There are 2 protein chains.
Amino acid sequence: MHLLATFTLLPAAIDSQLQREAGMTHFEFGVMAALSRQPGRRLQLKDLAVVANGSLSRLSHVISRLERQGWVRRVSGTKGRATDAELTDKGYRKLMEAGPIHFQEVRRLVFDVLTPQEVKELKRVTSRLNAGLIPETNLGPLARRIRASALRQSR
Amino acid sequence: MHLLATFTLLPAAIDSQLQREAGMTHFEFGVMAALSRQPGRRLQLKDLAVVANGSLSRLSHVISRLERQGWVRRVSGTKGRATDAELTDKGYRKLMEAGPIHFQEVRRLVFDVLTPQEVKELKRVTSRLNAGLIPETNLGPLARRIRASALRQSR
DNA sequence: GGGAATAAGTTGACGCTTCAAGTTATTCTA
DNA sequence: TAGAATAACTTGAAGCGTCAACTTATTCCC
């Protein structure tokens, strides 16, 4: 099955390249990239977890690692028990350096291999798959509750 | 990016469902399924590693786990230092039980969501991506050498 | 306004994967 | 044919993710 192999090999390839050449996980990259897009380069952990498609627990561990590198800083948020993660200047520089490395690789492995037509197809297909995946993704017990309450609120 | 989310969420969803309902990893499932297709339900570890898209080290650990479950048995092969993995009867029964569970889920998450046309597109696109991925996949230092020697032989 | 439920994070243990280093057996090659 | 290289594993440590359990703060409601 091609599908299977792709979904095994592609993430592995991308992850290991980013790890080797930028010293970070693909997930860590995603977290920092998400932060960089926010006003003030900061975001509450709960929300960051959703944006980065990870559980809060995972995120908490990752933020600790990123703090150790000096790339991110925890800032206590304004509301409730909220904690924000904030991208430091050092983290921003690191991200700017890692970005091209990463996107070049994605380009090489995906976009250069496919015709523009195929890229379009792939985008459409993956977006349809996500529609089925996102509402039920198992993001751990906490995230499940978050999703549930998000649903409740949206009624 | 849709692509990114799909490649994060889909494997996670499939893995966690298989883990919950059949008590095995998707990789373990793949290994047992590969064995079941071989004559005598056995295969040398080196080759099994390639078929299952994993490093030899990873496979060795996994085979140890599967042996502990009584699903697979190590059999010393005929040539050289070769070791074969053999699917036991218990393992075969387990696999027969896990198969439908797994494929139902894949169907639900992928094939039911897409039109037949989209499925065709997805198959074609993934097979083209694999063409780029397989020759250079980083399967650890040993597998790299194996690939290298495979190339050497094929000249 | 006081106690229960809920929300947001943190933490530690456990399992899996990778990587590097170690074995053993086999095959070249000088 | 002895020694070096190579092949086929195995093993152990380190890192990451998940899960369950634990804090602490907030809100609900009677």
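A note on names: the letters A, B, ... follow the listed sequences, proteins ahead of strands, and every chain is numbered from 1. These numbers were taken from a predicted model, which means no experiment stands behind them.
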Please check if A/M32 and A/I101 belong to a single hydrophobic cluster, counting links between Ile, Leu, Val, Met, Phe, Trp and Tyr side chain heavy atoms closer than 4.5 Å.
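No, separate clusters.
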Within the structure, does a side-chain N or O atom of [X] lie under 4.0 Å from either OP1 or OP2 of [N]?
X     : N      : value
A/R74 : C/dA8  : no
B/Q19 : C/dG15 : no
A/R58 : D/dC19 : no
A/S60 : C/dT10 : yes

Over how many whole Å does the gap from [X] atom [atom1] to [N] atom [atom2] extend?
X     : N      : atom1 : atom2 : result
A/L56 : D/dT18 : CG    : P     : 12 Å
B/Q69 : C/dG15 : CD    : P     : 11 Å
A/L59 : C/dT10 : CG    : P     : 9 Å

I want to verify a distance call: between D/dC9, C/dG9, C/dT17, whose nearest atom is closest to the B/T25 side chain?
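Between D/dC9, C/dG9, C/dT17, the one nearest the side chain of B/T25 would be C/dT17.
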Counting only side-chain heavy atoms from C-beta out, which of D/dG17, C/dC16, C/dG9 sits nearest to A/K46?
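Output: C/dG9.
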Using the 3.5 Å cut-off, write out each protein N or O paired with an N or O of nucleotides 24-26 of chain C and the distance between them.
from, atom 1, to, atom 2, distance (Å)
C/dT26, OP1, B/G80, O, 3.4

For A/L95 and A/F29, which heavy atoms make the closest approach, and how far apart are they?
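Scanning both residues completely, I find the closest heavy atoms to be CD1-CE1, 3.7 Å.
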When you measure only distances, ignoring hydrogens and angles, does the side chain of A/S57 come within 3.5 Å of the base of C/dT10 through a donor and an acceptor?
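When only heavy-atom distances are counted, A/S57 does not reach the base of C/dT10 through any donor-acceptor pair under 3.5 Å.
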Considering only heavy atoms and no angle criterion, is a donor-acceptor pair shorter than 3.5 Å present between the side chain of B/H61 and the base of C/dG15?
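Answer is no: no donor-acceptor pair is held.
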Run the salt bridge (Lys or Arg N to Asp or Glu O under 4.0 Å) test on A/R65 and A/E28 for me, step by step, so that the C-alpha distance in whole Å, both residues' side-chain angles and the decisive distance to 0.1 Å come before the verdict.
CA-CA 9 Å; A/R65 266 175 258 149; A/E28 292 175 333; 3.6 Å; yes
What class does the angle between the rings of B/H102 and B/H26 fall in, given that below 30° is parallel, 30 to 60° is tilted and above 60° is perpendicular?
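Plane angle between 30° and 60°, so tilted.
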So does A/E121 pair up with A/R124, basic N to acidic O under 4.0 Å?
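Here A/E121 does not pair with A/R124 in a salt bridge, since their nearest N and O are not under 4.0 Å apart.
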